[in-house]
Amino acid sequence: MEETQGKFILMIQKKGALQMQSKMKALVTHGAHDYRLEEVDRPSAGEGEMIIKVEGCGICAGDLKAFKGGSVFWGDGSAPPYLEVPAIGGHEFVGYIVEMGPGTDKKKTYGIADTDLKVGDRVAVEQIAPCGTCRYCKEGRYHLCVPHNVYGFKNYLNGGFAEYARLTKESLVYKIPEDMPLERALLIEPYACSMHAIDRAAICKDDIVVISGAGCLGLGMITAARKRNPKCLIALDLNEERLKKAKEFGCDITIDPNRESLKDKIMELSDGYGCDVYIEATGHPSSVKQGLDIIRKAGRFIEFSLFLEPVTCDWSVIGDGKELDMYGVSLSYGCFPDTIKGLYTGELMSDGVVSHKFALSDYEAAFEQSGKGTDSVKVVFTFE
Ligand SMILES: [Zn+2]
Ligand SMILES: [Zn+2]
């Protein structure tokens, strides 16, 4: 009897030990240029939290800039860095719920995220986990949350560069259709940001709209803008393949500003006035100057990009020169539901945008590919 009991206890201990030792593969950020593929503890769900088995995760320009040691993330020595290590990167991820903590039905959802979630559901999550208590969160504008905690950049908010991820109680989680191809599902986060830019631009049918930059986000804007039926939709890029995609996704005209005179073309199209809307989505200072040059008086200038360096331009164009309306864009406020629907139905075009898939172990090659603006649009990790 004693012996049996002993065995039983041993078994429980072993079982416990197995659970405790449950590990997962993760790409851990330790510092700029210091990313390591490691076996780490698999997270478990506390109050209001859930664990998802990650299907895949896109590499965002922000992830790439962090990998390359960008000062936006690592600081310039004057303030503590935004990135808190060790952390697991990635915020463009989807997966299946495998574990739920108590109280997940009481999560704050800002009237948009899903509450009726259960184990087995396939879900996407917004990149920001809003605090819920700051002025902006209280106003419902959760994307402007002051602590601004985004997945993949904080050690308590590990992202999708791992086999499992913990969705915190603050997170905004959405069910996605079971039969949605992974290539489309992985575009939900970037395309939701694109859609927010188009919302801010308030495009109407008489507008001549110029979208500068036809990478993943620019293409997301093009397909979202097409649905608003502007008079003329124009894409600018220096890459021929991207311009081809832009045409396919509904642009009326595509222009490579290095090959033809952009200003002449825009003036010709607009009776010499300039474009009504200019959306800056390249992150290059020259694209800002170019926009201020070709936009008409009282036009709407939409700024979307993250710049690696300060932009210098003639600020007086905005006021005395043209009386412009300037709109900034941050994240994807309220855009997840429509983006999920649009990508699922195909109303938002996405064929070929996910251009390269890598296993997590090939992370160096994946980041390198992602940095080659010329022949990659969206590089993703998959765990298939
Ligand atoms: Zn992103
Ligand atoms: Zn907040």
Side-chain angles (χ1 to χ4, degrees), residues 27 29 48 54 56-68 70 72-73 82-83 87-94 107-113 124-154 156-161 165 168-172 174 183-197 213 215-221 224 281-283 304-308 329-336 339-340 343 350 353-356 366-367 370-371 373 376-381:
L27 181 60
T29 311
V54 179
C57 185
I59 299 178
C60 182
D63 297 314
L64 185 66
K65 279 168 192 161
F67 182 74
K68 286 184 170 172
V72 192
F73 298 101
Y82 177 73
L83 223 156
I88 297 169
H91 59 261
E92 304 177 357
F93 58 107
V94 297
K107 283 159 61 67
K108 198 164 165 44
T109 61
Y110 302 91
I112 45 168
V125 60
E126 287 208 35
Q127 67 297 90
I128 192 162
C131 76
T133 56
C134 76
R135 173 181 169 175
Y136 303 108
C137 283
K138 280 187 181 152
E139 288 172 2
R141 297 194 292 170
Y142 63 86
H143 65 306
L144 302 177
C145 174
V146 175
H148 207 80
N149 294 325
V150 171
Y151 273 95
F153 300 108
K154 306 280 177 189
Y156 51 85
L157 205 57
N158 285 325
F161 294 167
T168 63
K169 64 178 188 322
E170 294 84 9
S171 300
L172 297 168
Y174 302 83
E183 288 81 2
R184 292 192 196 180
L186 290 177
L187 291 174
I188 292 169
E189 192 276 338
Y191 266 45
C193 296
S194 303
M195 189 179 278
H196 182 39
C216 172
L217 292 155
L219 290 168
M221 290 174 198
T282 69
F304 180 86
S305 304
L306 252 186
F307 294 89
L308 278 180
V329 182
S330 180
L331 306 184
S332 54
Y333 174 61
C335 291
F336 262 57
T339 306
I340 292 167
L343 277 165
S350 63
V353 175
V354 170
S355 54
H356 298 79
F367 280 115
S370 173
S376 61
V377 179
K378 175 57 80 180
V379 179
V380 301
F381 290 115

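Both ligands and their constituent atoms are indexed starting at 1 by order of listing. Computed from a predicted structure; not experimentally measured.
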Could you tell me whether the side chain of Ser350 and the main chain of Arg184 form a donor-acceptor pair under 3.5 Å?
no
Determine whether a donor-acceptor pair (N or O, by modelled atom type, separation under 3.5 Å) exists between the side chain of Lys107 and the backbone of Ser171.
yes
Starting from the Zn ion (ligand 1), look over the N/O/S atoms of His91 and name the nearest one.
NE2
Is any side-chain heavy atom of Thr29 closer than 4.5 Å to a side-chain heavy atom of Phe161?
no
If the Zn ion (ligand 1) is the vertex, what is the angle to SG of Cys60 and OE1 of Glu189, rounded to 10 degrees?
170°
How wide is the angle at the Zn ion (ligand 2) between SG in Cys137 and SG in Cys134, to the nearest 10°?
110°
Regarding Glu92, does it place an N, O or S atom less than 2.8 Å from the Zn ion (ligand 1)?
yes
Show the nearest heavy-atom pair for residues Gln127 and Cys193, with the distance to one decimal.
NE2-SG, 3.8 Å
